[in-house]
There are 2 protein chains.
Amino acid sequence: MFSKTCEYAIRAMIYIAQKSKTGNRVGIKEIAQGIDSPEHFIAKILQDLGKKDLVQSAKGPTGGFYHDAQSLEKSLADVVRAIDGDKIFTGCGLGLKQCSEDRPCPIHNQFKKVRGEIKLMLENAKVGELSEELEQRLTFLKR
Amino acid sequence: MFSKTCEYAIRAMIYIAQKSKTGNRVGIKEIAQGIDSPEHFIAKILQDLGKKDLVQSAKGPTGGFYHDAQSLEKSLADVVRAIDGDKIFTGCGLGLKQCSEDRPCPIHNQFKKVRGEIKLMLENAKVGELSEELEQRLTFLKR
DNA sequence: TAAATAAAAGACAAAAATATCTTTTATTTA
DNA sequence: TAAATAAAAGATATTTTTGTCTTTTATTTA
Ligand code: FES
Ligand code: FES
């Protein structure tokens, strides 16, 4: 569904959200450990998300990653779009160069429907909210 | 959503179905042309599908690929499972090693739902049926 | 101001996915 | 039976994704 990069990105975003609710910044090592991802890999991803202003960071001692109010309001759709682009939201399920009503592929109608539901699901899932269920240990970011 | 390999596989299956309804076998070149895929790549894929008995083939002049009655009854779910495995049907949306009710990821419930709909969509889509809409030029396999 | 800390940046490596090219095998037909 | 045809098989190449390692830059604190 999503690229590995995107999966790590989402998990990291929610992890950081949980930690930064209590005003804490969180280092790359702890994040990697907390979401079970390669350390340097998630570091790159967070750099990228940082440039796109989906996460905040500070260098030096006491530094680390955190979320401001705006970032906490971001949806998973925002994260997915930033990493994987919008192929999943608008692309053809059978890989035709363009999804189109005029020249639909054999599963266009059905696919369009689930594609829309995925979009809705991701748009309604806010990073900040998801981190609350995490805090309550109702959900988890690694197995 | 699906790998390129899987997209080509599905498109080829439907293309072959259409052609083999009229008793024709169809060569790899025509298939590649008809679904806009690399010739040698789709050849490999079809070899694979052949071994798994999702498509039939014959060598030599008048040879080519075709579908028997059983293959026409195959669903896209069968094709996807043969190529991409069942990750899409049972895997965790955020890439946790296992999807589980006991230790769900933050989008488990919502994801589970759409995952189920994808499964249903693919199980209800039979290769033979899809090829009929193709025949009527209501749907297309390339842009 | 020097040392320690932590992210940013850049270079490199491995693995997987995608794509191409060549040779072999089976089958048909002239 | 020889030539032609078409898939099967095998080898190789390219690109993308994923992962690792090293150096640099910014910041804090002693
Ligand atoms: S054309 Fe394939 S999903 Fe719309
Ligand atoms: S645990 Fe992630 S989808 Fe079920």
Side-chain angles (χ1 to χ4, degrees), chain A residues 1-12 15-16 19-20 24-67 80 82-85 87-88 94-95 97, chain B residues 1-12 15-16 19-20 24-67 80 82-85 87-88 94-95 97:
Chain A
M1 178 81 58
F2 309 122
S3 67
K4 225 82 189 74
T5 304
C6 193
E7 290 173 354
Y8 291 146
I10 293 174
R11 294 188 349 232
Y15 185 85
I16 295 167
K19 299 295 173 179
S20 70
N24 290 303
R25 288 166 176 174
V26 51
I28 210 65
K29 261 180 196 150
E30 190 190 333
I31 295 169
Q33 218 277 312
I35 68 170
D36 190 25
S37 77
E39 187 182 321
H40 291 91
F41 194 34
I42 190 62
K44 288 287 185 206
I45 297 167
L46 287 173
Q47 264 177 50
D48 203 28
L49 291 176
K51 278 173 198 157
K52 290 169 178 163
D53 210 38
L54 288 161
V55 72
Q56 284 63 50
S57 69
K59 287 184 178 180
T62 76
F65 292 87
Y66 61 100
H67 279 140
V80 170
I83 304 287
D84 284 349
K87 184 160 172 282
I88 194 154
L94 295 189
K97 283 180 192 120
Chain B
M1 177 82 57
F2 310 120
S3 67
K4 225 86 189 66
T5 303
C6 194
E7 290 172 354
Y8 291 147
I10 294 174
R11 284 169 23 214
Y15 185 84
I16 294 167
K19 299 295 173 179
S20 70
N24 290 303
R25 288 165 177 174
V26 52
I28 209 66
K29 261 181 195 149
E30 190 190 332
I31 295 169
Q33 218 277 311
I35 69 170
D36 191 24
S37 76
E39 187 183 321
H40 292 92
F41 194 35
I42 189 61
K44 288 286 184 208
I45 298 168
L46 287 174
Q47 265 176 50
D48 202 28
L49 292 177
K51 278 173 198 156
K52 290 168 179 165
D53 209 40
L54 288 161
V55 72
Q56 285 62 50
S57 69
K59 287 185 178 181
T62 76
F65 292 87
Y66 62 99
H67 279 139
V80 170
I83 303 287
D84 284 350
K87 184 159 170 281
I88 194 153
L94 295 190
K97 283 179 193 119

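Just so it is clear: chains get the letters A, B, ... in the order the sequence lines come, proteins before strands, and each one is counted from 1.
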Subject >> Minimum heavy-atom distance Ile42(B)-Ala9(B), with the two atoms named >> reply: CD1-N, 4.3 Å
Subject >> Atom-to-atom span, CD of Glu7(A) to P of dT17(D) - whole angstrom >> reply: 14 Å
Original post:
Just wondering, more than 12 heavy atoms not from Glu39(B) lying within 6.0 Å of its CD?
Top reply: yes
Subject >> Length of the line joining Lys87(A):NZ and dT17(D):C1', which is rounded to integer Å >> reply: 14 Å
**OP:** Output yes when at least one side-chain N/O atom of Lys51(B) is less than 4.0 Å from OP1 or OP2 of dA9(D), else no.
**Re:** yes
Subject >> Protein-nucleotide distance (Ile28(B), atom CD1; dT5(D), atom P), rounded to Å >> reply: 17 Å
**OP:** Look at the side chain of Ser57(B) and decide which nucleotide, out of dA8(C), dA7(D), dT18(C), has an atom nearest to it.
**Re:** dA7(D)
Original post:
Rounded to the Å, how far apart are His40(B) NE2 and dA13(D) P?
Top reply: 15 Å
Original post:
Starting at CZ of Phe41(B) and ending at C1' of dA9(D), how long is that distance when rounded to a whole Å?
Top reply: 16 Å
**OP:** Would you check if Glu30(B) and Tyr15(B) make a side-chain contact, meaning some heavy-atom pair closer than 4.5 Å?
**Re:** yes
Original post:
Does Thr62(A) put a side-chain nitrogen or oxygen below 4.0 Å from OP1 or OP2 of dT5(C)?
Top reply: no
Subject >> Side-chain heavy atoms of Asp36(B) within contact of Arg11(B), under 4.5 Å >> reply: yes
Subject >> Ile45(B) CD1 - dT20(C) C1' separation (whole Å) >> reply: 13 Å
Original post:
For the residue pair Tyr66(A) and Val55(A), what are the closest heavy atoms and their distance?
Top reply: O-CG2, 3.4 Å
Subject >> Contact nearer the 5' end of DNA chain C, comparing Arg25(B) with Pro38(B) >> reply: Pro38(B)
Subject >> Any Thr5(A) side-chain N or O less than 4.0 Å from OP1/OP2 of dT18(D) >> reply: yes
**OP:** Compare side-chain N and O positions of Gln47(B) against OP1 and OP2 of dA7(D) and report whether any pair is under 4.0 Å apart.
**Re:** no
Original post:
Of Ile31(B) and Lys44(B), whose closest DNA chain D nucleotide lies nearer the 5' terminus?
Top reply: Ile31(B)
Original post:
Under a 3.5 Å cut-off for both distances, is dT28(D) Watson-Crick or wobble paired, and to whom?
Top reply: dA3(C)
**OP:** Could you check whether Ala58(A) gets within reach of a base, just the sugar-phosphate, or nothing at all, counting any heavy atom under 4.0 Å?
**Re:** sugar-phosphate
Subject >> Lys/Arg-Asp/Glu bridge criterion (N-O < 4.0 Å) met for Asp48(A), Lys52(A) >> reply: yes
Original post:
Which is true for Val55(B) with a 4.0 Å heavy-atom rule: it touches a base, it touches only sugar-phosphate, or it touches nothing?
Top reply: nothing
**OP:** Respond yes when some side-chain nitrogen or oxygen of Tyr8(B) is under 4.0 Å from OP1 or OP2 of dT18(C), and no when none is.
**Re:** no
Subject >> Euclidean distance, atom CZ of residue Phe65(B) to atom C1' of dA26(C) [Å, nearest integer] >> reply: 13 Å
Original post:
With distance as the sole criterion, do the side chain of Lys4(A) and the base of dG19(D) form a donor-acceptor contact below 3.5 Å?
Top reply: no
Original post:
Starting at CG of Leu49(B) and ending at P of dA8(D), how long is that distance when rounded to a whole Å?
Top reply: 11 Å
Original post:
For dA14(C), which nucleotide in any strand shown is its Watson-Crick or wobble partner with both distances under 3.5 Å?
Top reply: dT17(D)
Original post:
At under 4.0 Å between heavy atoms, what does Lys29(A) touch on the DNA or RNA strands: base, sugar-phosphate, or nothing?
Top reply: nothing
